[in-house]
Structures are given as C-alpha cells and as structure tokens.
Amino acid sequence: MQLLHRNRKVLYILFLFVCFLPWITPPLALFIGLAFALLCKRTFPGFNKKASKYLLQVSVVGLGFNMNLYESMKSGQEGMVFTIISVIGVMLLGLLIGRKLKAGRNISYLISSGTAICGGSAIAVVGPLVKAKEDEMSISLGAIFILNAIALFLFPPIGHLLHLTQEQFGLWAAIAIHDTSSVVGAGAIYGTEALHIATTVKLTRALWIIPLALVTSLLFKNKNEKMYIPWFILFFVLAMIANTFFPFPASINKEIVFAARKGLTITLFMIGSGLSIDALKQVGLKPVLLGVILWFLISILSLVVILSP
C-alpha cells in the first residue's frame, strides 16, 4: 500500500493514458478512477479539477456532431407530454426524497438529473452549474453507473417475461435506463427495432440537458453573483445544426465524435480519481438508495403508461 502511495503520480499518468484505449468505456474509466482514489488517494487535485471541467465542455460540443436536428424533433413529437411530466416529476421527487434521506442538496440534484434525463452525461453537465465538489460528482456518477450496469442485464429478460413488443421495450428502455450506452446495449440485446426506437428516443430526451442547464444556472445563482451561462450548451446546439445542414465528410465526422466520446471517458476517470474517502464515509449508502428509489419509480410508472391501452 505504501508503494502505491509513493508512486501514485506515475500510476495516475499511466491510467490516464490507459483511458485512451478504444475498449475503455466511460463506466469502466469511472471505476478505474474510483479504485485509484480509494487505493492511492487524490493526485494532482488542481489539474484534475480544471482539466475535467474544460475537457467535459469540449466533449459535449463534439457529441453534437453525432445528432440530427430533424430526427431528434421527429422522435420527440410522440410522447412529448409524458416526457415533460416524467422529467419534471423525477426532478421534484428526487429532491424531496433526497431531503428526507438527508443525502445532501447537490447529490440529490445530480442523481435526480441523471435519472430524469441521460445518466452520467446529465450529471457531468449539471455538476459545474451547481458548484458540486469532486466528491459529490464521483459519488453521484458511481451510483448511476451501478444502476446502469444492472439495468443492462435485467431489462431484456423482464421485457421477454412481460411479452413486450420491440416498440414497447425500446420506449421503456429509453425512459427507464439512465445512460445512453446502456440503453443502446439493452436495445441491441432485445432486437433491431427496439435498438432503433430506444436510441432515437434517448437522444431526444438528452436534449433536455439544454433547458435543465439553463434552469439550473438560474436556481443556483447567488444573489451577488452573475448568472453562469453554460455557453458550451449553445455550441452543442450549433454543432447539431451544423451536422444537420452542413455535415462534414463522414470520415471527419466520425473522428470528431470518437474524440468527443474519448474525452468524456477521460473526464470520468479524472472525476472518479478525485473522490475523497472521508466524503464517501460521510455520505454512506444514501445516494445509492436515492438512485434505486427513483429508478424503481420511473421504471414502474413508465411501464404502466406504455402497457396502458
């Protein structure tokens, strides 16, 4: 253990380069970061905080080059009312339950955002706006990714057990599973049509990051502080518009999206490696419990709505 502490800077740099490997996914990068923090403690805290903040923003903008404005609007027309109710409802329920559990305002807000919209991506965007600490980000992301991993293996068997159609399962997965990668994975396991529906609906729900970011900036603004405007969200929209009307050649577009996803992967490693053991002991299992309760509620309610005639 002492050897790990003495060489933690070298190990940090080594793991940072490992995250560039194509088979390292965002959840795996977060797990590596969390394991590193627990075994070696914080390393390069100043660099970690600044680099993860700006790399996140650049990566989010890059992901806009993977979205089509028309497809997002078309897939969002169906079930728009339910989407609005579910997003707002989960946010309010999450804050209420988090307050009862005494999980902390920031953590409750982050987990609620991740459950309501698109998992780790929503948490990563909202985190800087609520001035969340690295510990709060790491704990919230960890709770969400644990549930994502469970959902990836649990949802397809449940879908077959309930005899859900491809369309029904795709819609259910897009609403009840947090992260886009897990939604895509579950849809692919269930079938081709389920994969298409799940992906398009989930990407449309991901657009709710934009109004959520703007509302969050307003709610968490101090009285004597100017409202923080998340300009990178505007650039994300511009990237999506550019990809729709002035698309780059396919080879260039593919490289931009790959770089953006890899940037998010590296960001999650940095966030995970910034976890404080003391903070983890203080918070305990409350964030995980909050995430489980919200996940259970949105899964059951969305399934009831989907199965209703």
Side-chain angles (χ1 to χ4, degrees), residues 26-39 41-42 45 48-49 52-53 56 86-152 154 176-183 209 212-213 216 219-220 264 267-301:
L28 180 57
L30 177 67
F31 175 78
I32 293 173
L34 291 171
F36 179 86
L38 294 175
L39 294 174
K41 295 186 178 181
R42 288 183 175 181
N48 230 33
K49 185 175 181 179
S52 60
K53 175 183 177 181
L56 164 68
S86 64
V87 169
I88 296 176
V90 168
M91 290 298 300
L92 293 176
L93 273 175
L95 293 175
L96 179 62
I97 297 172
R99 186 175 181 180
K100 294 291 183 182
L101 292 175
K102 298 181 180 179
R105 185 187 69 163
N106 282 353
I107 288 180
S108 298
Y109 197 88
L110 293 175
I111 291 180
S112 300
S113 301
T115 305
I117 302 178
C118 56
S121 301
I123 292 175
V125 170
V126 170
L129 304 180
V130 302
K131 304 175 182 63
K133 300 177 182 178
E134 287 183 279
D135 298 326
E136 295 170 331
M137 292 284 287
S138 300
I139 293 168
S140 301
L141 285 165
I144 289 296
F145 278 128
I146 289 172
L147 297 177
N148 275 329
I150 295 173
L152 179 60
L154 192 62
I177 300 179
H178 310 98
D179 202 67
T180 303
S181 59
S182 294
V183 170
I209 289 179
L212 176 66
T216 302
L219 291 177
F220 284 81
L264 279 177
T267 299
L268 290 178
F269 165 76
M270 291 179 173
I271 291 173
S273 65
L275 177 67
S276 167
I277 298 178
D278 293 335
L280 187 60
K281 291 179 180 179
Q282 183 178 357
V283 174
L285 294 176
K286 293 176 182 178
V288 177
L289 180 58
L290 172 60
V292 169
I293 293 173
L294 287 178
W295 182 45
F296 181 79
L297 289 175
I298 190 66
S299 299
I300 298 298
L301 291 176

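The shortest non-hydrogen separation linking I123 to M137 is O-CE, 3.7 Å. Heavy atoms only, all atoms of each residue included: L290 and S108 are closest at CD2-CA, 3.7 Å. Here the closest non-hydrogen pair linking L129 and A213 is CD1-O, 3.4 Å. Residues V90 and S112 share a closest heavy-atom pair of CG1-O, 3.8 Å. When all heavy atoms of P287 and I139 are compared, the closest pair comes out as CG-CG2, 3.5 Å. Nearest heavy-atom pair, K286 versus L101, reported as atom, atom and distance to 0.1 Å: CD-O, 3.2 Å.
Taking OH of Y109 as the start and OG1 of T216 as the end, the distance is 2.5 Å to the nearest 0.5 Å. Note: T115 OG1 to L110 CG = 10.5 Å, rounded to the nearest 0.5 Å. L294 contributes atom CG, which lies 9.0 Å from atom CD1 of I298 (distance to the nearest 0.5 angstrom). Expressed to the nearest 0.5 Å, how far CD1 of I111 lies from CG of L141 amounts to 9.5 Å.
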Test log, rule side chain to side chain contact (heavy atoms under 4.5 Å, CB included), inputs R105 and F220: CA-CA 11 Å; R105 185 187 69 163; F220 284 81; 3.4 Å; yes
Apply side chain to side chain contact (heavy atoms under 4.5 Å, CB included) to residues V126 and V130 and explain how you reach the verdict. CA-CA 6 Å; V126 170; V130 302; 3.8 Å; yes
Applying side chain to side chain contact (heavy atoms under 4.5 Å, CB included), run through M91 and L212 and close with a yes or a no. CA-CA 10 Å; M91 290 298 300; L212 176 66; 4.1 Å; yes
Trace of the side chain to side chain contact (heavy atoms under 4.5 Å, CB included) decision for I97 with L297: CA-CA 12 Å; I97 297 172; L297 289 175; 4.3 Å; yes
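Scored by the side-chain hydrogen bond (donor to acceptor under 3.5 Å, both in side chains) test, S299 finds no partners at all (sequence neighbours excluded).
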